[in-house]
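All figures in this text were calculated on a predicted structure; none of them were measured in a lab. We number each residue from 1, following the sequence as shown.
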Amino acid sequence: MSHFPVHVPDAYVPGTYAFAETLLRAGALGALVGGTAALAEHARGLKDGTLTRDQAVRGVLGTAAKTGLATGLGAVVAATLRGGPLLTTTAVIATGAAALYVMDSKGKPAAKAAPESAPTPAA
């Protein structure tokens with residue numbers, strides 16, 4: 001047994017700071033990747049004239065924010081689990097997909113069933 005005390009810096013102790021840092025770092029990476037993909041998609045719409053510049057900017061920033069948040073949340077969940085590579089990868093994908101599903105479903109009205117048309121009387 002060692003007679004020297006072991007000091008662990010605060011940055012290595014899991015806590016709120018570690019989760020916030022994980023969320024920010026992974027979120028920034030997710031926003032970069034998602035924003036880049038959205039930029040490529042919206043650039044085509046700008047070139048074709050189907051999108052205005054304002055629509056393209058909103059679309060890119062919105063996608064970057066959503067993917068950043070989804071990636072950050074997935075990374076926090078994976079860090080909390082502290083499992084192997086398969087478990088953490090599955091956690092990131094599942095959490096990110098669930099977060100994107102919830103974000104995409106917010107603000108969209110539920111699909112209404114089409115009213116059935118009245119049968120035409122036989123002549």
Side-chain angles (χ1 to χ4, degrees):
M1 179 162 182
S2 174
H3 296 286
F4 299 104
V6 176
H7 175 69
V8 178
D10 290 338
Y12 297 109
V13 176
T16 306
Y17 174 77
F19 291 135
E21 184 178 4
T22 300
L23 180 68
L24 287 175
R25 288 181 182 218
L29 179 62
L32 179 65
V33 172
T36 302
L39 180 62
E41 181 182 337
H42 286 79
R44 188 173 298 122
L46 278 172
K47 185 177 179 182
D48 297 344
T50 57
L51 289 175
T52 64
R53 185 173 11 164
D54 188 45
Q55 291 171 325
V57 168
R58 284 188 206 168
V60 170
L61 292 178
T63 300
K66 288 177 184 179
T67 56
L69 182 59
T71 306
L73 290 173
V76 167
V77 168
T80 303
L81 293 176
R82 297 175 187 239
L86 183 61
L87 178 64
T88 55
T89 301
T90 303
V92 169
I93 292 170
T95 305
L100 286 174
Y101 178 79
V102 169
M103 285 186 272
D104 285 343
S105 66
K106 293 290 182 183
K108 291 184 181 178
K112 294 181 181 178
E116 294 183 25
S117 60
T120 55

Co-members of Val33 in a cluster of I, L, V, M, F, W and Y side chains, linked at under 4.5 Å: Leu29

- request: Can you run down the salt bridge (Lys or Arg N to Asp or Glu O under 4.0 Å) pairs that involve residues 49-72, sequence neighbours left out, and say none if there aren't any?
  value: Asp54-Arg58, Lys66-Asp104

field: Apart from Leu24 itself, residues in the same hydrophobic cluster as defined by side-chain heavy atoms under 4.5 Å
entry: none

Identify each donor-acceptor pair in which a side-chain atom of residues 87-94 lies under 3.5 Å from a protein atom, sequence neighbours left out, and give them as a table.
from: Thr88; atom 1: OG1; to: Gly84; atom 2: O; distance (Å): 3.1
from: Thr88; atom 1: OG1; to: Pro85; atom 2: O; distance (Å): 3.1
from: Thr89; atom 1: OG1; to: Pro85; atom 2: O; distance (Å): 2.7
from: Thr90; atom 1: OG1; to: Leu86; atom 2: O; distance (Å): 2.7

Let me check something: any side-chain donor-acceptor pairs from residues 35-52 under 3.5 Å, sequence neighbours excluded? List them with distances.
from: Thr36; atom 1: OG1; to: Leu32; atom 2: O; distance (Å): 2.6
from: His42; atom 1: ND1; to: Ala38; atom 2: O; distance (Å): 2.7
from: Thr50; atom 1: OG1; to: Gly45; atom 2: O; distance (Å): 3.3
from: Thr52; atom 1: OG1; to: Gln55; atom 2: N; distance (Å): 3.2
from: Thr52; atom 1: OG1; to: Gln55; atom 2: OE1; distance (Å): 3.4

Using a 3.5 Å cut-off and no angle test, enumerate the donor-acceptor pairs between side-chain atoms of residues 67-78 and protein atoms at least two apart in sequence or in another chain.
from: Thr67; atom 1: OG1; to: Gly30; atom 2: O; distance (Å): 3.1
from: Thr67; atom 1: OG1; to: Thr63; atom 2: O; distance (Å): 2.9
from: Thr67; atom 1: OG1; to: Ala64; atom 2: O; distance (Å): 3.2
from: Thr71; atom 1: OG1; to: Thr67; atom 2: O; distance (Å): 2.7

